[in-house]
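To keep things clear, I will list the structure first and then write my remarks on it.
Proteins come first, then strands; the chains are lettered A, B, ... in the order of their sequence lines, and each starts at number 1.
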Amino acid sequence: MPELPEVETVVRGLRDPLIGRVIHGVWSDWTKAIRYPDPAAFEARIAGQKVCAISRRAKYILCHLDHDILVVHLKMTGRLYVAADDELHDSDRWVHVRFQLDEGRQLRFSDSRKFGFVSLVNTIEEIAPHLGPEPLSDAFTVAEFAARLARHHKSIKALLLDQAFLAGVGNIYADESLHMAMIHPLRAADSLTADETARLHHAIRVVLENGIEREGASVNWYRKPDGTAGSAQNHFAVYDRSGQACLTCGSPIEKSRVAQRGTHYCPTCQPLTG
DNA sequence: CGGACAACCTGGCGGC
DNA sequence: TGCCGCCAGGTTGTCC
């Protein structure tokens with residue numbers, strides 16, 4: 001579930017409690033969550049380093065330390081937050097990595113499905129060498145988007161989910177973007193007209209910006225670092241609304257399967273032909 | 001190239 | 001109440 005808006009919200013929420021703190025040690029009850037280097041080397045290398053800055057690339061959280069980058073990927077059910085050592089002992093049963101900080105606090109990585117991970121790297125390219133452009137950056141222009149679309153014949157939905165094509169869009173915001181742009185998810189990427197391309201480019205940015213403004217979508221597992229839910233889920237036009245009326249035309253929202261993902265769209269506003 | 005699918009995992013939920 | 005099977009979806013890798 002955590003996509004660009006959710007990860008961006010986590011990054012923003014971690015800056016105040018985490019920047020300036022020193023990491024003294026690492027505890028884990030599920031060492032597979034520590035992907036690289038091996039847990040012993042990981043702890044030896046991270047101990048004593050201060051968190052200098054926190055940023056985001058695609059869906060990766062980057063904690064810039066004195067000499068390394070602590071990379072965290074939340075995958076579907078990951079959470080990352082700072083808490084007092086003895087705080088919330090029972091309410092989160094899925095904490096698999098704890099980073100001991102100074103002043104009796106710890107950075108916790110919680111993940112019920114154990115898909116997420118932490119790594120220590122020098123550059124994000126070490127673990128994600130082929131990420132596409134950031135959709136909210138100035139470098140993501142309509143012209144560049146059009147040129148890249150023309151190189152692919154696969155369905156537009158599958159392409160939006162491809163992190164090498166565009167970084168940060170996941171299933172929820174792909175469906176919402178295609179609906180706002182009035183484009184059927186199965187349209188071939190290289191078949192979009194100039195007008196459709198411009199609409200989709202605009203829709204992706206608006207949908208992601210709205211998601212950030214609403215501090216992410218708490219469909220089930222996602223929480224902000226302060227433990228509260230975001231509100232983007234209250235503003236979905238199509239995601240998780242199958243059978244309900246389209247907010248534009250009243251047609252029932254349909255759910256199908258595209259690129260092996262649940263896909264929600266309005267058959268009237270997003271026709272496959274015409 | 002594109003698409004299908006398995007693998008990584010577990011909680012939540014509908015059905016019985 | 002409880003058991004069963006399915007669904008959720010980010011990413012990688014494999015196969016056709």
Mind checking if T77(A) touches a base, just sugar-phosphate, or nothing, with heavy atoms under 4.0 Å?
nothing
Can you name the side chain to side chain donor-acceptor pair (under 3.5 Å) partners of R15(A), sequence neighbours left out?
none
Which atom pairs, donor and acceptor, lie under 3.5 Å between side-chain atoms of residues 121-133 of chain A and protein residues at least two apart or in another chain?
from	atom 1	to	atom 2	distance (Å)
E126(A)	OE2	N122(A)	N	2.9
E126(A)	OE2	T123(A)	N	3.3

Could you tell me whether K75(A) contacts a base, only the sugar-phosphate backbone, or nothing, with contacts defined as non-hydrogen atoms closer than 4.0 Å?
base
Dot-bracket, 5' to 3', for DNA chain B please: Watson-Crick or G-U pairs under 3.5 Å, [ ] where pairs cross earlier ones, | where the partner sits on another strand, dots elsewhere.
.|||||||.|||||||
For DNA chain B, determine which residues of residues 206-239 of chain A have any heavy atom closer than 4.0 angstrom to one of its atoms, and list them numerically.
W221(A)
Sugar-phosphate only, base, or nothing, as touched by R257(A) at under 4.0 Å among non-hydrogen atoms:
sugar-phosphate
Go through the structure and list residues passing ring pair (Phe, Tyr, Trp, His ring centres under 6.0 Å) with F42(A), not counting sequence neighbours.
none
What residues 145-153 of chain A contributes to the DNA chain B interface at heavy-atom separation below 4.0 Å is H152(A), H153(A)
Contact interval (first through last nucleotide) of DNA chain C with protein chain A, 4.0 Å heavy-atom
dA8(C) to dT11(C)
Could you work out, with side chain to side chain contact (heavy atoms under 4.5 Å, CB included) as the rule, every residue matching H153(A), not counting sequence neighbours?
A188(A), D190(A)
Mapping F115(A) and I127(A) onto DNA chain C by nearest heavy atom, which one lands closer to the 5' end?
F115(A)
Identify all side-chain donor-acceptor contacts of residues 70-78 of chain A below 3.5 Å with residues at least two apart in sequence or on another chain.
from	atom 1	to	atom 2	distance (Å)
H73(A)	ND1	K75(A)	N	2.9
T77(A)	OG1	D111(A)	OD1	2.5
T77(A)	OG1	R113(A)	N	3.0

Please enumerate all residues that pass side chain to side chain donor-acceptor pair (under 3.5 Å) together with R205(A), with sequence neighbours excluded.
none
Covered region of DNA chain B, 5' end to 3' end, by chain A [heavy atoms, under 4.0 Å]:
dG2(B) to dG11(B)
Cationic N near anionic O, under 4.0 Å, E215(A) to R12(A):
no
Residue pairs passing the side-chain hydrogen bond (donor to acceptor under 3.5 Å, both in side chains) test with at least one member in residues 23-32 of chain A, sequence neighbours excluded, are D29(A)-H96(A)
Inter-nucleotide P distance (dA6(B), dC6(C)), Å rounded
13 Å
Pair R98(A) + D85(A): basic N to acidic O under 4.0 Å
no
